[in-house]
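Please read the structure below before turning to the comments.
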Amino acid sequence: MRAKLIVGNWKMNGSRAANATLLNGIVAGLDNARASCAVCVPAPFLQQCEDLLAGTPVAWGAQDVSIHASGAFTGEVCAKMLSEFACRYVIVGHSERRAYHREDSALVAKKALAVLAEGMTPIVCVGETLEQREAGATAQVVGAQLDAVLEALDAAAVEKIVVAYEPVWAIGTGRNATPAMAQDVHAQLRAQLKARNAEAADIVPILYGGSMKPENAKDLLAQPDIDGGLIGGAALKAEDFLAIIHAA
C-alpha cells in the first residue's frame with residue numbers, strides 16, 4: 001500500500017512570526033501520525049523552514065523553479081539554490097502558474113527535469129477548468145498534461161515524481177468534486193503511470209488538490225487511488241492541517 005502524503009501549499013502567504021507559530025504548532029501536533037507531510041513555502045522562508053523543521057518529521061519545499069541552472073534571469077530561482085536549503089519537494093505546473101504565467105505543459109516538463117537533476121521530488125500538478133469539465137474534456141486535458149511530463153522522463157525517473165490532481169473549478173469556488181469524481185480522474189492518472197512504468201504506478205503518490213479540508217478529507221482519502229492531498233487554505237492553520245494529516 002502506498003504511504004499517504006499531505007503537502008501544504010502556502011501560496012503567497014506567511015511572515016516570519018506567523019510561520020514560526022504555524023510550523024511549531026504542526027510539529028507539536030503530529031503525535032504518531034502515520035502519513036508523511038511537507039510544506040511548500042515562498043522562497044524567502046526556506047531558511048526558516050530548514051532552521052525549524054530539520055530533524056522533525058515535516059519536510060519542506062518550494063512552489064516553483066526555473067528551468068535554467070543560472071544566468072541573467074532576474075527574479076528566478078534555480079533548482080540548485082533550492083537544494084541548498086535541503087528542499088525535498090518542488091511544485092511544478094500549479095494551475096496558478098499555468099493560468100497567470102502562461103506556463104504550458106512543455107515548460108512544466110522541463111521544470112520537473114530540473115528538479116530531478118538536483119535530487120529533489122517534483123510535485124507535478126494537472127487539472128482542468130470549469131469550461132473544460134463541462135465540455136467533457138477532463139480526461140483529455142489532464143491526460144495531455146501528465147503525458148507531457150512522462151514523455152520527458154526515462155522510465156526510472158517516473159518513479160521519483162509525485163502527481164497532484166487539482167480541478168481548477170473546485171478551488172476556492174464553493175464547488176466541490178465528489179470523492180467518486182476525484183477517484184475517476186486519479187484512476188486515469190494511475191493508468192497513465194502504469195502504461196509508462198508498471199512499478200511506478202504502485203509507488204508514485206497521486207494527491208488531490210481540490211480544496212481538501214478537515215470536513216471532506218476522510219472521504220476523499222478513502223478512495224483507492226487518492227494517496228494524499230495538496231492543501232491550500234487549510235495548510236495555513238495548524239489545527240486544520242493536522243486534522244487532514246491525521247485523517248490520512
Side-chain angles (χ1 to χ4, degrees), residues 1-9 34-38 89 91-95 98 105 108-109 112 121-171 173 175-232 234 244-245 247-248:
M1 180 179 292
R2 290 174 299 276
K4 299 293 188 185
L5 172 63
I6 305 298
V7 179
N9 174 16
R34 288 179 290 178
S36 298
C37 61
Y89 299 102
I91 298 172
V92 297
H94 190 277
S95 60
R98 293 179 188 264
S105 294
V108 174
T121 300
I123 300 176
V124 179
C125 296
V126 301
E128 83 281 26
T129 64
L130 179 59
E131 181 180 14
Q132 291 164 336
R133 157 73 60 167
E134 292 181 338
T138 294
Q140 177 184 354
V141 170
V142 301
Q145 290 172 343
L146 181 57
D147 275 343
V149 174
L150 297 182
E151 290 168 2
L153 306 180
D154 61 39
V158 174
E159 299 178 13
K160 300 177 182 179
I161 70 172
V162 171
V163 178
Y165 167 55
E166 40 166 16
V168 181
W169 53 273
I171 301 175
T173 63
R175 300 184 58 159
N176 295 312
T178 65
M181 292 164 66
Q183 165 60 24
D184 285 345
V185 179
H186 279 241
Q188 174 198 324
L189 297 171
R190 183 85 59 205
Q192 286 180 253
L193 289 169
K194 187 173 183 178
R196 187 71 174 85
N197 178 338
E199 292 184 2
D202 293 328
I203 296 172
V204 171
I206 305 179
L207 314 182
Y208 178 67
S211 295
M212 186 181 285
K213 302 179 287 289
E215 297 78 18
N216 63 14
K218 184 176 180 180
D219 289 339
L220 286 164
L221 292 165
Q223 300 301 309
D225 289 299
I226 298 181
D227 304 317
L230 181 60
I231 315 301
I244 296 172
I245 293 170

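Values reported hereafter were calculated over all heavy atoms of this structure, with side chains retained and with hydrogens, waters and symmetry mates removed.
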Show the nearest heavy-atom pair for residues [X] and [Y], with the distance to one decimal.
| X | Y | answer |
| --- | --- | --- |
| A247 | A217 | CB-CB, 4.1 Å |
| I123 | A164 | CG2-CB, 4.0 Å |
| I226 | K4 | O-NZ, 2.8 Å |
| A182 | L220 | CB-CD2, 4.1 Å |
| A152 | A109 | CB-CB, 3.9 Å |
| G209 | P167 | C-CD, 4.5 Å |

Atom [atom1] of [X] and atom [atom2] of [Y]: how far apart are they, to the nearest 0.5 Å?
| X | Y | atom1 | atom2 | result |
| --- | --- | --- | --- | --- |
| E166 | S211 | CD | OG | 10.0 Å |
| D227 | I203 | CG | CD1 | 12.0 Å |
| W169 | E134 | CH2 | CD | 9.5 Å |
| Y89 | S36 | OH | OG | 6.0 Å |
| L207 | I6 | CG | CD1 | 7.5 Å |
| I91 | N9 | CD1 | CG | 4.0 Å |

Short question: side chain of [X], backbone of [Y] - any donor-acceptor pair under 3.5 Å?
| X | Y | answer |
| --- | --- | --- |
| R190 | D225 | yes |
| Q132 | T129 | yes |
| R196 | L153 | yes |
| D184 | M181 | no |
| Q192 | L146 | no |

Taking NZ, NE, NH1 and NH2 as the nitrogens, is one of them in D154 or K160 under 4.0 Å from a carboxylate oxygen of the other? no
Within-4.5 Å side-chain heavy-atom neighbours: [X] and [Y]:
| X | Y | answer |
| --- | --- | --- |
| L130 | V168 | no |
| V149 | D147 | no |
| V142 | V185 | yes |
| L221 | M212 | yes |
| V108 | Q145 | no |

Would one find more than 12 heavy atoms of other residues, nucleotides or ligands at under 6.0 Å from atom CD of E199?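 Open.
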Under a 3.5 Å cutoff, is there a donor and acceptor pairing between the side chains of [X] and [Y]?
| X | Y | result |
| --- | --- | --- |
| Y208 | Q183 | no |
| E128 | T138 | yes |
| H186 | Q223 | no |

side-chain contact (heavy atoms from CB on, under 4.5 Å), that's the test. Do V124 and V162 meet it? Break it down for me. CA-CA 6 Å; V124 179; V162 171; over 6 Å; no
Test log, rule side-chain contact (heavy atoms from CB on, under 4.5 Å), inputs V92 and C125: CA-CA 6 Å; V92 297; C125 296; over 6 Å; no
Run L189 and V126 through side-chain contact (heavy atoms from CB on, under 4.5 Å) and show every step you take. CA-CA 10 Å; L189 297 171; V126 301; 4.1 Å; yes
